[in-house]
Amino acid sequence: MFHHLFGSTTSSPAKTNRLHLRLLLLLLQPKRLSHSQPNKTSSSLQSEDPLFIAQLILNDNTKALALTLEKCSGVHWSTHLVDAVLKRLWNHGPKALRFFESLDRHPTYQHSTSTFDYAIDIAGRLRDYKTLWTLLSRMRRRRLGPTPKTFAIITERYVAAGKADRSVKIFLSMHEHGCPQDLSSFNMFLDVLCKSKRVEMAHSLFKVFNRRFRADTITYNIIANGWCLIKRTPKALETLKEMVERGLTPSLATYNILLKGFFRAGQLKEAWQFFTQMKKRGCELDVITYTTVVHGFGVAGEVEKARRVFRGMIGEGCLPSVATYNALVQVLCKKDNVENALAVFDEMAKKGYVPNATTYTVIIRGLCHAGEMDRAMEFMERMKDDDQCEPNVQTYNVVIRYLCDAGELEKGLDVFGKMGGGACLPNLDTYNILIGAMFVRKRSDDLLVAGRLLMEMVDKGFIPRKFTFNRVLNGLLLTGNQGFAKEILRVQSRLRRLPREFKL
DNA sequence: TTAGGGTTAG
């Protein structure tokens, strides 16, 4: 009789309700899932729901996740399922790694390349380099890699942790780990450096190796984009010139990169000239070009110009995408009026476009910004009812931030506690927003909450900034919570001194 | 995950 609740094709109850029901059933009838049901039935049904499994893992407090694996005894583990579960557990690294590890001893299932990549990425985010390299050599022993993508992940994590020099060494030695160094891995690494704003470093590396790797259009685009990201459009133009001199043909992506670069650097006149030149010279503009221009003019406050380009694009043979609508909606929220943004939201739905999480989030932010907290909350409920898209962590962060700013700390904490009925895990920003909010009322109780949040985030594998630690510590000391402060100090020094590891 | 467009905000 419960089959319809466990079925993967259920259509009527909302997603979150379904989850609650499942958890409730699990609590009421633990045997039903683990023993009394024939394996076939429970496994095929459960195995289609990574959210359900992720939830079990999060609720399991045994170190080895014994409870969860027992409950999942009938599950048919597949690469797809395991990857999806790891993705769900993204913001709870230690649990994700424990899950990976316990499945590694499974009698029939074996991790694949993509799963190792996920685990390595998570270990890197935790700055648990020992585990990262252990996983890498295990991956190699099993002949599952490492691949260039694995190294893109590893170097990205090192750069993000402020270890760009180390990442260069890693890139230069990747062949020693059994991974070929080719143009694609070179491009990927340059992109990692550029996206982390280490453009000078990327450029030096590019100068040294571009002949050896036979740099192509993509390589030049990556470097040009890097210069644009740090608003140095003259250097981007230089790169463009150099690529032409080398006999490489710039692509539409190249022009779109430059165009975006002008907007980012506040060079509106240049952007407009560049855009018109692209058209004049018979360049076939695409939806990305138009989206760039709509967004660029809009955020610069030129709302009418943005609207005109938006209206004109169809006549010029290019249909807007959801992203184009999102750009316009955001611009109207920021520089015009949230009611006009809502009108565009309705218009896009009428034309058959399906709003995505970004669309909703942008509108919700617009409403919050206009001080319409109640309507923003209503809109989030509407989003939850939309089967096509659930609120994500960004959505929650916006709502929590504005609730806290409005002095509604309790409401903010309430939303935090309920995040997607557990379907959405808070990230580093969420914790920073909430902890920051605990200082505005200067109440001793709030600081205790801040302390608990800090402990919780460390437990989930996030690394708080020194600033956050100091702030919370000072607050606790000033409000006479010496004991708690000492506890937090211990956590801080443990984080600083010991390499993080999760004992594989 | 080899390049380009929408989500933070003061």
Side-chain angles (χ1 to χ4, degrees), chain A residues 113-114 117-118 121 147-157 182-195 202 213 215-226 228-229 236 239 243 248 250-261 263-264 278 285-296 298-299 306 309-310 313 318 320-334 341 344-345 348 353 355-366 368-369 383 389 391-402 405 427-430 432-433 436:
Chain A
T113 303
S114 63
D117 281 347
Y118 269 115
D121 201 359
T147 66
K149 184 183 158 194
T150 315
F151 273 92
I153 290 167
I154 294 174
T155 49
E156 184 180 347
R157 290 304 166 201
D182 53 13
L183 178 58
S184 107
S185 42
F186 183 55
N187 285 345
M188 276 195 271
F189 182 54
L190 291 180
D191 196 41
V192 162
L193 288 176
C194 286
K195 296 261 164 73
F213 288 113
D216 62 359
T217 305
I218 294 176
T219 322
Y220 280 92
N221 285 354
I222 288 166
I223 297 292
N225 189 46
C228 287
L229 284 174
T239 309
M243 86 187 267
L248 291 166
S251 58
L252 182 54
T254 318
Y255 296 126
N256 287 340
I257 287 166
L258 260 299
L259 185 60
K260 175 85 188 166
F263 281 117
R264 196 181 276 120
M278 281 171 77
L285 310 188
D286 64 4
V287 63
I288 295 179
T289 320
Y290 286 102
T291 307
T292 303
V293 176
V294 169
H295 186 249
V299 294
V309 173
F310 183 85
M313 63 187 286
C318 184
S321 65
V322 173
T324 322
Y325 271 103
N326 290 350
L328 184 63
V329 167
Q330 192 215 139
V331 152
L332 293 175
C333 284
K334 268 192 171 159
V344 173
F345 182 89
M348 72 183 276
Y353 287 90
N356 59 24
T358 305
T359 327
Y360 277 103
T361 305
V362 166
I363 292 274
I364 289 170
R365 180 178 299 117
C368 288
H369 196 74
M383 187 177 181
C389 85
N392 58 29
V393 66
Q394 279 88 352
T395 323
Y396 284 106
N397 287 352
V398 167
V399 170
I400 292 171
R401 164 173 275 131
Y402 278 96
D405 281 356
N427 65 11
L428 184 64
D429 287 337
T430 322
N432 283 334
I433 292 163

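In the text below, chain A, chain B and the rest are named by the order of the sequence lines, each starting its count at 1. Here the structure is a predicted model, which is why all the values come from computation and not from measurement.
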- If you check the Ile153(A) side chain, which of dG5(B), dG6(B), dT1(B) turns out closest? dT1(B)
- Answer yes or no: side-chain N or O of Thr254(A) and base N or O of dG4(B) forming a donor-acceptor pair under 3.5 Å. no
- Message: Just to verify, what does Tyr360(A) make a ring-ring contact (aromatic ring centres under 6.0 Å, His included) with, not counting sequence neighbours?
- Response: Phe345(A), Phe379(A)
- Establish, with yes or no, whether the OP1 or OP2 oxygen of dG4(B) is under 4.0 angstrom from a side-chain nitrogen or oxygen of Asn225(A). yes
- Would you say a side-chain N or O of Arg365(A) is under 4.0 Å from OP1 or OP2 of dA9(B)? yes
- Task: Examine dG6(B): is either OP1 or OP2 under 4.0 Å from a nitrogen or oxygen in the side chain of Lys260(A)? Give yes or no.
- Result: yes
- Query: Quick one: is Lys334(A) getting a side-chain N or O under 4.0 Å of the dG10(B) phosphate, OP1 or OP2?
  - Reply: no
- Message: Base of dG5(B), side chain of Thr291(A) - is there a donor-acceptor contact under 3.5 Å?
- Response: yes
- Assigned chi class of dG5(B) under the 90° convention is anti
- Is Asp286(A) side chain donor-acceptor paired with the dG4(B) base, going by distance under 3.5 Å alone? yes
- Query: How is Thr324(A) classified with respect to the nucleic acid when contacts are heavy atoms under 4.0 Å: base, sugar-phosphate, or nothing?
  - Reply: base
- Does dA9(B) have OP1 or OP2 sitting under 4.0 Å from an N or O in the side chain of Tyr402(A)? yes
- Message: Can you identify which nucleotide, out of dA9(B), dA3(B), dT7(B), has its nearest atom closest to the Arg401(A) side chain?
- Response: dA9(B)
- Item | Selected nucleotide, minimal atom distance to Asn356(A) side chain, candidates dG4(B), dG6(B), dT1(B) | dG6(B)
- Interatomic distance, Leu190(A) CG vs dA3(B) C1' [rounded to whole Å]: 11 Å
- Message: Under 4.0 Å from OP1 or OP2 of dG5(B): is there any side-chain N or O of His295(A) that close?
- Response: no
- Message: By nearest atom, which of the nucleotides dG5(B), dG10(B), dT1(B) is closest to the Glu156(A) side chain?
- Response: dT1(B)
